[in-house]
There are 2 protein chains.
Amino acid sequence: MKIGELARRSGLTAHTIRYYERIGLLPYADRDRSSRRDYDASILTWIEFLGRLKTTGMPIRDMLLYAELRDRGSGTEAERRALLERHRESVRAHVDELNACLLVLDTKIGGYAETEQRMKDYDATLPERRRKPVGARSTRTR
Amino acid sequence: MKIGELARRSGLTAHTIRYYERIGLLPYADRDRSSRRDYDASILTWIEFLGRLKTTGMPIRDMLLYAELRDRGSGTEAERRALLERHRESVRAHVDELNACLLVLDTKIGGYAETEQRMKDYDATLPERRRKPVGARSTRTR
DNA sequence: TCTTGACTTAGAGCGCGCTCAAACTCGTAG
DNA sequence: CTACGAGTTTGAGCGCGCTCTAAGTCAAGA
């Protein structure tokens with residue numbers, strides 16, 4: 001698979017794929033005889049996983065650390081696991097924080113809802129003027 | 001309250017507070033006769049709210065939009081509410097995404113746990129060599 | 001043969017959100 | 001009186017994660 005297809009299939013741009021390779025987040029890809037990158041479909045699994053780390057806010061430098069451990073292969077499992085576990089905890093903490101913020105947001109939005117309700121209540125006390133357009137006996141009442 | 005104290009109480013740095021004022025996220029603060037910012041405690045509420053927006057990933061440009069609506073005062077409530085509701089939805093979506101990633105992370109970590117378990121099982125089949133240090137009859141057994 | 005377009009490289013540039021530096025002014029304690 | 005510490009301004013610089021440019025190579029189709 002060429003870089004263009006990988007881009008399409010991974011959701012990254014070709015630019016980003018090259019950038020990731022440059023910094024070591026993706027392995028140095030095999031090239032065909034005209035120096036073009038030729039990918040195996042298995043790279044998609046790795047990119048997808050990197051995407052999850054990214055989504056969950058892991059900085060690239062930590063992904064790099066993980067990638068390096070992975071490259072070093074067996075004997076690094078405990079360290080990789082520890083890294084992921086630390087990350088998992090930070091994600092959990094962040095989710096909790098977000099949920100707390102959501103509550104505040106709900107309250108705030110509720111406040112605006114009340115304001116709007118008060119406005120409606122107030123509107124409801126207004127004289128006919130505001131209701132005029134609704135008018136009965138209009139020739140356009142269907 | 002001077003900027004130093006506000007910094008301490010808000011968790012922002014004085015630099016950041018000035019920066020926020022410069023870009024319009026914080027109102028132009030009253031100055032004392034020697035041009036120093038003098039804050040009312042009420043600013044803390046606003047800073048805290050901005051913090052929640054920030055925590056939940058709202059870009060500064062959107063906070064600015066909200067801040068401007070707020071400055072314009074009444075008549076902008078519906079728009080402010082809509083802005084917060086849109087944001088709330090995006091936060092909820094993000095939380096869902098994070099939770100999905102957490103599941104993947106759990107699986108991945110579980111994979112490492114199994115590897116380690118297999119290693120332990122393997123270790124358990126090893127001859128005494130590995131158990132030696134536990135040895136009874138040691139002179140140092142208290 | 002010529003053109004097209006997908007690819008290559010090294011390196012510059014960008015948007016974001018700060019963060020800091022330089023040079024200055026004050027008010028107060030010793 | 002002087003030294004200190006906390007403040008002021010404008011503007012430059014930084015770390016992150018891309019994103020794009022320029023100039024070139026190559027293979028396949030008209």
Side-chain angles (χ1 to χ4, degrees), chain A residues 1-40 43 46-68 87 90-91 94 97 101, chain B residues 1-40 43 46-68 87 90-91 94 97 101:
Chain A
M1 179 187 354
K2 291 289 184 293
I3 201 173
E5 195 189 339
L6 180 59
R8 247 174 289 113
R9 291 174 58 176
S10 67
L12 300 178
T13 67
H15 284 312
T16 302
I17 293 169
R18 289 191 203 101
Y19 165 68
Y20 280 1
E21 178 183 305
R22 242 192 303 185
I23 65 173
L25 211 46
L26 291 179
Y28 184 83
D30 293 338
R31 315 291 158 121
D32 65 12
R33 51 202 169 325
S34 57
S35 324
R36 294 176 183 196
R37 291 168 181 82
D38 206 348
Y39 292 96
D40 184 292
I43 196 74
W46 175 238
I47 291 179
E48 200 181 323
F49 182 61
L50 287 178
R52 310 233 183 238
L53 296 183
K54 180 182 162 187
T55 293
T56 51
M58 181 183 283
I60 282 185
R61 92 183 73 88
D62 290 358
M63 297 188 208
L64 271 178
L65 190 53
Y66 186 85
E68 280 156 20
H87 182 58
S90 85
V91 176
H94 187 52
E97 201 176 26
C101 288
Chain B
M1 178 187 354
K2 289 291 184 295
I3 201 172
E5 194 189 340
L6 179 59
R8 247 173 291 113
R9 292 175 58 176
S10 67
L12 299 178
T13 68
H15 285 311
T16 302
I17 293 169
R18 289 192 205 99
Y19 165 69
Y20 280 1
E21 179 183 303
R22 244 192 302 184
I23 65 173
L25 212 46
L26 291 180
Y28 184 84
D30 293 337
R31 316 291 159 121
D32 64 14
R33 51 204 170 326
S34 57
S35 326
R36 295 178 181 194
R37 292 169 180 79
D38 206 347
Y39 293 96
D40 184 294
I43 196 73
W46 175 237
I47 290 179
E48 200 181 324
F49 182 61
L50 287 178
R52 308 232 184 241
L53 295 183
K54 180 182 162 185
T55 293
T56 50
M58 181 183 284
I60 283 185
R61 93 184 72 88
D62 290 358
M63 297 188 209
L64 271 178
L65 190 52
Y66 186 86
E68 281 156 20
H87 181 59
S90 85
V91 176
H94 187 52
E97 201 175 28
C101 288

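Throughout, a chain's letter reflects where its sequence line sits, starting with A, and its residues are numbered from 1. Given the structure is predicted, the values throughout are model-derived calculations rather than measurements.
Of the residues in residues 22-32 of chain B, those placing a heavy atom less than 4.0 Å from an atom of DNA chain C are B:Arg22, in numerical order. Only A:Lys2, A:Ile3, A:Gly4, listed by number, bring a heavy atom of residues 1-17 of chain A to less than 4.0 angstrom from any atom of DNA chain C. Against DNA chain D, the stretch residues 53-67 of chain B makes no heavy-atom approach under 4.0 Å.
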Let's go through B:Tyr39 and B:Ile17 carefully: what are the C-alpha distance in whole Å and the side-chain angles of both, what is the deciding distance for side chain to side chain contact (heavy atoms under 4.5 Å, CB included) to 0.1 Å, and is it a yes or a no?
CA-CA 11 Å; B:Tyr39 293 96; B:Ile17 293 169; 3.4 Å; yes
Worksheet entry | Criterion side chain to side chain contact (heavy atoms under 4.5 Å, CB included) on B:His87 and B:Asp62, from CA distance to verdict | CA-CA 9 Å; B:His87 181 59; B:Asp62 290 358; over 6 Å; no
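Here the OG1 atom belonging to A:Thr55 is positioned 7.5 Å from the NE2 atom belonging to B:His94, to the nearest 0.5 angstrom. Atom CG of residue A:Leu53 and atom CE of residue A:Met63 lie 5.5 Å apart, to the nearest 0.5 angstrom. To the nearest 0.5 angstrom, A:Arg8 atom CZ is 11.5 Å from A:Ile3 atom CD1. Distance check, rounded to the nearest 0.5 Å: OG1 of B:Thr16 to CD of B:Glu21 gives 13.0 Å. Separating the CG atom in B:Leu12 from the NZ atom in B:Lys54 is a distance of 7.0 Å, to the nearest 0.5 Å.
Each of B:Ile23, B:Leu65, B:Leu50 was compared with B:Ile60 under the side chain to side chain contact (heavy atoms under 4.5 Å, CB included) criterion, and only B:Ile23 meets it.
As a whole-Å value, the separation of B:Glu21 CD from D:dT10 C1' is 14 Å. Atom pair B:Ile47:CD1 and C:dC18:C1' shows a separation of 15 Å (rounding to whole Å applied).
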5' to 3', nucleotides 23-30 of chain C under a 4.0 Å protein heavy-atom cut-off (B base, S sugar-phosphate only, - none) gives --BBS---
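Every ring-ring contact (aromatic ring centres under 6.0 Å, His included) that B:Phe49 has, sequence neighbours left out, goes to B:Tyr66. The side chain to side chain donor-acceptor pair (under 3.5 Å) check on B:Arg18 picks up nothing, with sequence neighbours excluded.
Between B:Ser10 and B:Ile43 there is no side-chain heavy-atom pair separated by less than 4.5 Å.
Crowding of A:Asp32 atom CG: a count of heavy atoms from other residues, nucleotides or ligands under 6.0 Å exceeding 12.
Side-chain atoms of A:Asp38 never come within 3.5 Å of backbone atoms of A:Arg31 as a donor-acceptor pair (strictly under, hydrogens ignored).
Between B:Tyr20 and C:dG17 there is no side-chain N or O to OP1 or OP2 distance below 4.0 Å.
In this structure, A:Arg37 reaches the sugar-phosphate backbone alone: every heavy-atom distance under 4.0 Å involves primed, P, OP1 or OP2 atoms, never a base.
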